[in-house]
Amino acid sequence: MSWAIVIGIDYYGGQQPTLQSAVYDAEHFTRWLVDRVGVREKRVKSLLGRRPKDPARDGSDLIPTKDNVLKAITEVMAESGGAGEALYF
């Protein structure tokens, strides 16, 4: 039984420059974990910081704030009981 927390941030807000493919890479890493490694989709917590004009930005993504990252870690620990083969982070 494996678990994953995947974070991709293209937009940090404010004056910082935006990235172009961190979210894309995170989405593809998630697909690889599910399709090739065999991690169940429900055991993958994705936190994505999309650019404001990203067409896929629909408000459904969990934003990768400190609180949300800590929440994802807490949820994985609670759901897994602290046991499992691997944690991909």
Answer whether the closest heavy-atom distance between the side chains of Glu79 and Trp3 falls below 4.5 Å.
yes
pair Ile73-Ile5: side-chain heavy atoms closer than 4.5 Å:
yes
Between Arg51 and Asp10, is there a side-chain N and carboxylate O pair less than 4.0 Å apart?
yes
Indicate yes or no: at least one non-hydrogen side-chain atom of Leu33 is less than 4.5 angstrom from one of Val6.
yes
Rounded to the nearest 0.5 angstrom, the CG-CD distance for Asp25 and Gln20 is 11.5 Å
Under a 4.5 Å side-chain heavy-atom rule over Ile, Leu, Val, Met, Phe, Trp and Tyr, are Tyr12 and Ile63 clustered together?
no
Smallest heavy-atom separation, Ala26 atom then Leu48 atom, equals CB-CD2, 3.8 Å
Can you name the closest pair of heavy atoms from Ser2 and Val39 and give their distance?
O-CG1, 3.7 Å
For the residue pair Tyr24 and His28, categorise the inter-ring angle as parallel (less than 30°), tilted (30 to 60°) or perpendicular (more than 60°).
tilted
When you compare the side chain of Val37 with that of Trp32, does any pair of heavy atoms fall below 4.5 Å?
yes
Looking just at side-chain N and O atoms, do Asp58 and Ser60 make a donor-acceptor pair shorter than 3.5 Å?
yes
Greater than 12 external heavy atoms within 6.0 Å of Arg31's CZ:
yes
Heavy-atom nearest pair, Tyr11 first then Arg50, reads CB-O, 3.4 Å
Side chain to side chain contact (heavy atoms under 4.5 Å, CB included) test vs Leu62 passes for just one of Asn68, Ile7, Val69, namely Asn68
Specify the closest pair of heavy atoms between Ser46 and Thr30, including all atoms of both residues, with the distance to one decimal.
OG-OG1, 3.7 Å
Residues Arg43 and Glu75 bridged, charged N to O under 4.0 Å
no
Interatomic distance, OG@Ser80 vs CG@Leu87, rounded to 0.5 Å, equals 8.0 Å
